[in-house]
Engineer: 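Submitted below is the structure of interest, expressed as structure tokens.
Any value given below was found using the heavy atoms of this structure, including those in side chains, with hydrogens, waters and symmetry copies removed. In what follows, chains carry the letters A, B, and so on, assigned in the order in which the sequence lines appear, proteins first and then strands, with residues in each chain numbered from 1.
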Amino acid sequence: MEVPDLHPWPATPAEAAAIQDELRPLLDLAGPGPQDPGTVAGLDVSYAGDGAGTGARLAAAVVVLDARTLDVVEESVVTGTTAFPYVPGLFAFRELPALVEALRALTVTPDLLVCDGYGVAHPRRFGLACHLGVLTGLPTFGVGKTAFVGSCEPPGDRRGDTSPLVHDGETVGRALRTRDGVKPVFVSAGHRIDLDTACRHTLALAPAYRLPETTRRADRLSRDALARP
DNA sequence: GCGACAG
DNA sequence: ATCTTGTCGC
């Protein structure tokens, strides 16, 4: 699929934050977003060694699933090197170049992107899922495994139970229990989708495990690619 | 000021 | 994120 170039590219954390502020007005958070997507893509990145600094080997994977059957439609994985250090809030600049390259290698254009991380549940309301959404023009949302910004009460302990994730008095996401009695995931809208729809898709994509199949497939693919250099 | 902090 | 042993439960 076509993805525009990543310009400008920041040289410092301050420049990176400024880019987020520039792009944030381009977000479409009106919703509701795709109710019955044909295909959904999961994205994830794995690192070799200490994945916190710069210069580490990485593998970025995109796996496109049939949204109804969860069968794999297409896979794409690329390897590279980290060009930006891990800084909370600037996480996107670490994974974006490799993820964009992997997306470009796809022969199909997914109807929806599920990111490993956050969307608007972000200090500047512009997490990885937002950035990928603005860049690709596709509907996106994020599914995080741990809390980042905001706070929430623990949701009920049954699959499907939720509680709002609130930051600065705003609901920026939702803690969503995808399995009975198992730690919830954190869902936030990225672009061209609302929170309700994002949570519905997350639940549909996670029929058997805590994490959505999109994330699990992309995680496995990126990890495997890293293991065989 | 200090701690916490997606992956 | 990654580095890691054993352990509990279905």
Engineer: On the 0 to 90° scale, with breaks at 30° and 60°, tag the A:Y118-A:F186 ring pair as parallel, tilted or perpendicular.
Structural biologist: tilted
Engineer: Show your reasoning for whether side-chain contact (heavy atoms from CB on, under 4.5 Å) applies to A:H201 and A:T214.
Structural biologist: CA-CA 11 Å; A:H201 289 317; A:T214 37; over 6 Å; no
Engineer: Heavy atoms only, 4.0 Å cut-off, all strands: where does A:R223 land among base, sugar-phosphate and nothing?
Structural biologist: sugar-phosphate
Engineer: With a 4.0 Å cut-off on N to O distance, would you call A:K145 and A:D116 a salt bridge?
Structural biologist: yes
Engineer: Could you write out DNA chain C as dot-bracket? Rules: Watson-Crick or G-U wobble, both distances under 3.5 Å, brackets [ ] for crossings, | for pairs with another strand, dot for unpaired.
Structural biologist: ..........
Engineer: How many angstroms lie between atom CG of A:L132 and atom NE2 of A:H191, to the nearest 0.5 angstrom?
Structural biologist: 11.0 Å
Engineer: Tell me whether the count of non-hydrogen atoms from other residues, nucleotides or ligands lying under 6.0 Å of CZ in A:R125 goes above 12.
Structural biologist: yes
Engineer: Check ring-ring contact (aromatic ring centres under 6.0 Å, His included) between A:F84 and all other residues, then give those that pass, not counting sequence neighbours.
Structural biologist: A:F93
Engineer: Hey, does A:G144 reach any base, or is it just sugar-phosphate, or nothing, if we go heavy atoms under 4.0 Å?
Structural biologist: sugar-phosphate
Engineer: Which pair of non-hydrogen atoms, one from A:L99 and one from A:A61, has the smallest distance, and what is that distance?
Structural biologist: CD2-O, 4.2 Å
Engineer: Classify the nucleic acid contact of A:Y47 as base, sugar-phosphate or nothing, counting any heavy atom under 4.0 Å across all strands shown.
Structural biologist: sugar-phosphate
Engineer: Indicate, with a heavy-atom threshold strictly under 4.0 Å, whether A:L43 touches base, sugar-phosphate, or nothing.
Structural biologist: nothing
Engineer: Can you check each nucleotide of nucleotides 4-10 of chain C against protein heavy atoms at under 4.0 Å and return B for base, S for sugar-phosphate only, - for none, in 5' to 3' order?
Structural biologist: -------
Engineer: If you count the non-hydrogen atoms of other residues, nucleotides and ligands that lie under 6.0 Å from CD in A:E153, is the total more than 12?
Structural biologist: no
Engineer: Is it true that A:R174 and A:D196 have a side-chain N and a carboxylate O under 4.0 angstrom from each other?
Structural biologist: yes
Engineer: With a non-hydrogen cut-off below 4.0 angstrom, is A:A147 in contact with a base, only sugar-phosphate, or nothing?
Structural biologist: sugar-phosphate
Engineer: Side-chain contact, heavy-atom cut-off 4.5 Å: A:P85 with A:T54?
Structural biologist: yes
Engineer: For residues 3-12 of chain A, which residue pairs pass the side chain to side chain donor-acceptor pair (under 3.5 Å) check, not counting sequence neighbours?
Structural biologist: A:D5-A:R104
Engineer: Please round to the nearest 0.5 Å and tell me the distance separating atom CG of A:L65 and atom CZ of A:R216.
Structural biologist: 11.0 Å
Engineer: Where does DNA chain B pair, written as one dot-bracket string 5' to 3', with Watson-Crick or G-U pairs under 3.5 Å, ( ) inside the strand, [ ] for crossing pairs and | for another strand?
Structural biologist: .......
Engineer: With heavy atoms of chain A within less than 4.0 Å as the criterion, where does contact along DNA chain B begin and end?
Structural biologist: B:dC5 to B:dG7
Engineer: If you look at every strand shown and take non-hydrogen atoms under 4.0 Å, does A:G89 touch a base, only sugar-phosphate, or nothing?
Structural biologist: base
Engineer: Tell me what A:D50 touches on the nucleic acid: a base, only sugar-phosphate, or nothing, going by heavy atoms under 4.0 Å.
Structural biologist: base
Engineer: What does A:L58 touch in the nucleic acid at a heavy-atom separation under 4.0 angstrom: a base, only the sugar-phosphate, or nothing?
Structural biologist: nothing
Engineer: List the atom of A:T197, the atom of A:P34, and the distance in Å for their closest heavy-atom pair.
Structural biologist: CG2-O, 3.4 Å
